[in-house]
Amino acid sequence: MSDEPHSTFPDAVEGVVEHLLHVSYDERTVLRLRRTADDDPGITVVGKALFGVRPGECVRVRGRWTQHLRYGGQFLAERCDRTMPADERAIRMYLASGMIRGIGPALAGAIVDRFRDQTLKIIDTEVQRLLEVHNIGDIRLARITAAWQEQKSISEIMVFLQSLNITPGLAVKICTAYADTDDDPMHIVRRTPYRLCRDVRGIGFDKADKIALAVGIPKHSDERLQAALTHELDLAAGQAGHCHLPVRVLLFRTRTLLKDDDPATAEILDDVVLRHALKALCDQSEVIIETLPLPARDGTGTLVDTEIAVLPRLHRDETQLAHHVRRLLSARSLLAELAPWADRLAELATSETAGLTEEQHHAILTALTSPVSILTGGPGCGKTHTLRTLVEIADEAHAQVALAAPTGKAAKRLEETTGRDAMTVHRLIRPPDGHTLFDHASPLDSADLIVIDEASMLDTNLARKLTAAIRDGCHLLLVGDVDQLPSVGPGRVLRDLLDVDHIPRTRLTRVFRQHDDSAAIVRNAHRILRGELPEDDPKAFWNRHVPDPEEVAQRVVDLAADLMPRHFGVLPTDIQILCPGKKNIAGMTDLNLRLQLRLNPPADDKPQHYHDGNAFRLGDRVQQIRNNPHRGEAGIFNGSSGTITALDLEAHTLTVTFDDAEEATYPFAELDELIHAYALTVHRSQGSEYPYVIVPVIRETGDLLLQRNLLYTAITRARQGAMIIGHAEAVERAIANNRTLRRNTALTHRITDTQPTVPAPRRNPVTGQLAWD
């Protein structure tokens, strides 16, 4: 960098983004910008305005120069505008970056060598001339033409969004969302911007509202009020797991969302006006209003008639799940006449090898004689031995048993536990070669007993699909730890089913002595459940007090990348970081960036692609965060983890090989289905088990996430060793906080209600068949 005084530098710089140095959890981006002069060494540019910028892009940055004590002179960006590369060198970098699908580094060099500084003009106005370049034929030319037009559309939206200080990266998502439709993305942005809330992941009400007001949609428009109401319902489901909101709560949250300093706003926040907008949503079948007797918030168990607002998809899930639970409970058992189960268990009780407690005996007999039953219990309470014995008894009677769990890792562990094949719930209800839930190859067609492990992870949607696919008379046993965190998706199915008095259940309470490294983990898990601080164990459990948050983050990286692998003779992949939340310096987002840089740093032989400020690099550990039944051969589902094993910069795709050996290819535009998995939130670890777990806990996490069941869930993911590192007072606060946020659900009522309302099935217009979806 030049030694000239900063006062002589301009307040704007222009150049090509060479590479990103860092993107923090709060979107603060640090990048290296190379200006147009051939001898320019590049400058460091810093700021939130840079978020979403990708290597190869040409930008004009406005701001001011600053002096960092450690890193020297930096340009602090206050605004960032995209520009088109103007000289030959910039054009070469732009095309070589992979911004235009179909053009890689080698081809970019050949094109620029042929057309020099006229390259972009040729691509834009005389694209047929690209056939003059070696290795470009008709197929590649068509691909480049389509990619260039797509890039122009993205650029048009980017320019518009920049004027509103909205992340330019969202322009790519907008264009992708409407790529396979006849809709013009720019027309939607300008004419019906509130559609973006529903159609584009990453655009919530705030961003859509900013666009809408900028294009002249009035504050008091019905479209705006309706978008705000549905946004709050979506937010309640996505962030808090609620299946509904009381109408009074919905109206209050909507008023809070829309409130501003404009005196005219008060008129549109009147209850009458908002209720009118809510009624319009009901008339359009976008919201359902019901009055149900639901438990009061005072914890007394008193039922109070409550007016609630429900999104149709969540109403469908709850009502149909309730219907199918009642159907299964009332069906004639397929197992009842296969064997005298009580006699068989009585014989087993005398066996020295069985070693069943009275609780375990009851759990097995209930599973074999009741159409629906539940088995719960904490770690070390014998759920594993109970399941193994249950499967053995069923096998001896020639009963068909199907085993499943919500995630691949949980299914693998169930398989190891029982010695029988197990699969994910998604695979169980949708076989790899099938096209419907009721494909003839499904194990459900012949199963007499279905066992679902880690049932606390079942949300209402997955539980609905599961129960709908089970035939009459087949038994269902749900196994889970009710003290763990609830499902990531809406609902609290396991707990709601436990509140239904006539569903048989067994809770295992006896903690067996452990004879391996897990003893300290089990012991401390139960200490945490009792509200007691965990105790150190030199072999398998460690508490480390580190007062400084920055030091916590650095120590976590050192432990995972170097210290624990060397000490225990394991690989870094055997160690999982589990964070209470995503944000702050010791949260999932920031630790993923640090761990990626340490464990999988950039290199010339590692292709990478930046998406929303994150570098997806060959060799990265990643996790799927959305269900996609069309990804891969048999679908890839929320919680599946794997490694990036291929990355094609020219085709704009990367390939992930998952832990179950399934491979899936992702277009770059769809990478918002993936997150890095060096560090995960505790919620995202449910159903998984790792040799070693590190849990960073700091004050900045906040009481909303510092909860007893979260810490309990985190350490029970460890098999051989667990470490809690951070602020001792934060750990104490978490253990003391046993006040979990109660989710708004109505499943218990819908099951026990004598006159339930169940939506009618829909007839497929093509096949003529009835379906519940």
Side-chain angles (χ1 to χ4, degrees), residues 355-364 366-367 373-390 405-407 409-410 413-414 416-418 451-458 477-487 492-499 503-535 537 540-541 578 580 682-683 685-690 693 695 707-722 724 731 734-740:
L356 292 176
T357 66
E358 185 176 343
E359 292 172 336
Q360 291 172 318
H361 185 283
H362 179 266
I364 294 173
T366 302
S373 61
I374 301 171
L375 171 61
T376 70
C381 288
K383 293 196 299 293
T384 296
H385 181 53
T386 305
L387 285 183
R388 188 162 48 233
T389 306
L390 170 64
T407 67
K409 287 189 176 181
R413 194 166 68 251
L414 180 61
E416 294 168 351
T417 295
T418 60
V451 178
I452 305 297
D453 199 11
E454 296 286 356
S456 62
M457 296 178 64
L458 290 174
L477 171 63
L478 299 175
V479 183
D481 186 347
V482 77
D483 293 312
Q484 289 187 21
L485 290 171
S487 59
R492 47 169 215 161
V493 173
L494 184 62
R495 188 172 290 277
D496 281 348
L497 292 178
L498 285 168
D499 287 340
I503 294 181
R505 80 288 311 273
T506 306
R507 184 180 180 101
L508 303 181
T509 58
R510 176 181 170 184
V511 181
F512 292 89
R513 178 174 295 180
Q514 309 297 305
H515 300 287
D516 54 20
D517 289 340
S518 66
I521 298 170
V522 171
R523 184 170 64 252
N524 279 309
H526 287 279
R527 288 184 64 85
I528 290 173
L529 274 184
R530 295 194 298 268
E532 302 170 5
L533 291 173
E535 296 177 335
D537 179 273
F541 201 97
L578 298 181
V682 179
H683 259 108
S685 73
Q686 289 185 84
S688 298
E689 193 176 68
Y690 314 94
V693 161
V695 188
Q707 296 178 353
R708 184 184 299 178
N709 65 344
L710 186 140
L711 198 59
Y712 168 78
T713 302
I715 70 165
T716 54
R717 301 305 90 202
R719 189 166 62 245
Q720 294 172 241
I724 299 175
V731 176
I735 293 175
N737 182 9
N738 199 29
R739 301 184 304 275
T740 57

Indicate the atoms forming the closest heavy-atom contact of [X] with [Y], along with that distance.
X	Y	result
Arg708	Ala736	NH2-O, 4.1 Å
Ile528	Pro534	CG1-CD, 4.4 Å
Ala718	Ile521	O-CD1, 3.6 Å
Ala714	Val693	O-CG1, 3.8 Å
Gly687	Arg717	N-NH1, 3.6 Å
Pro379	Val522	O-CG1, 3.4 Å

- Query: Would you call Asp453-Arg413 a salt bridge at under 4.0 Å N-O?
  - Reply: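 Result for this pair is no, no salt bridge flagged.
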Starting from the C-alpha separation in whole Å, work towards a yes-or-no answer on side chain to side chain contact (heavy atoms under 4.5 Å, CB included) for Leu508 and Leu375.
-> CA-CA 8 Å; Leu508 303 181; Leu375 171 61; 3.7 Å; yes
Look up atom [atom1] in [X] and atom [atom2] in [Y], then write down how far apart they are to the nearest 0.5 Å.
X	Y	atom1	atom2	value
His361	Thr389	NE2	OG1	11.0 Å
Gln360	Cys381	CD	SG	9.5 Å
Gln484	Leu529	CD	CG	9.5 Å
Ile724	Leu578	CD1	CG	11.0 Å
Lys383	Thr417	NZ	OG1	10.0 Å
Gln707	Tyr712	CD	OH	15.0 Å

Validation row: [X], [Y] side chains within 4.5 angstrom (heavy atoms):
X	Y	result
Arg505	Leu494	no
Leu710	Leu485	yes
Gln686	Thr407	no
Leu356	His385	yes
Arg507	Val482	yes
Ile452	Leu478	yes
Glu532	Ile735	no

*Given the rule in the side chain to side chain contact (heavy atoms under 4.5 Å, CB included) test, do Thr386 and Ile364 qualify, once you have shown the distances and angles that lead to the verdict?*
CA-CA 7 Å; Thr386 305; Ile364 294 173; 3.8 Å; yes
Step-by-step side chain to side chain contact (heavy atoms under 4.5 Å, CB included) determination, Asp481 to Thr716 = CA-CA 11 Å; Asp481 186 347; Thr716 54; 5.6 Å; no
Side chain to side chain donor-acceptor pair (under 3.5 Å) filter on Ser373, not counting sequence neighbours, yields none
Any chance you could lay out the side chain to side chain contact (heavy atoms under 4.5 Å, CB included) test for Arg492 and Asp499, step after step, and finish with the verdict?
CA-CA 11 Å; Arg492 47 169 215 161; Asp499 287 340; 3.4 Å; yes
Checking Thr366, Val479, Leu477, Ile503 against Ile374 for side-chain contact (heavy atoms from CB on, under 4.5 Å), the one that qualifies is Ile503
* **Trace of the salt bridge (charged side-chain N to carboxylate O under 4.0 Å, His left out) decision for Glu359 with Arg510** => CA-CA 9 Å; Glu359 292 172 336; Arg510 176 181 170 184; over 6 Å; no
For Arg495, enumerate each residue passing the salt bridge (Lys or Arg N to Asp or Glu O under 4.0 Å) test, keeping only those at least two apart in sequence or located in another chain.
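Arg495 satisfies salt bridge (Lys or Arg N to Asp or Glu O under 4.0 Å) with no residue once adjacent residues are dropped.
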| request: Taking Asn709 for its side chain and Asp483 for its backbone only, find out whether a donor-acceptor pair lies under 3.5 Å. | output: no
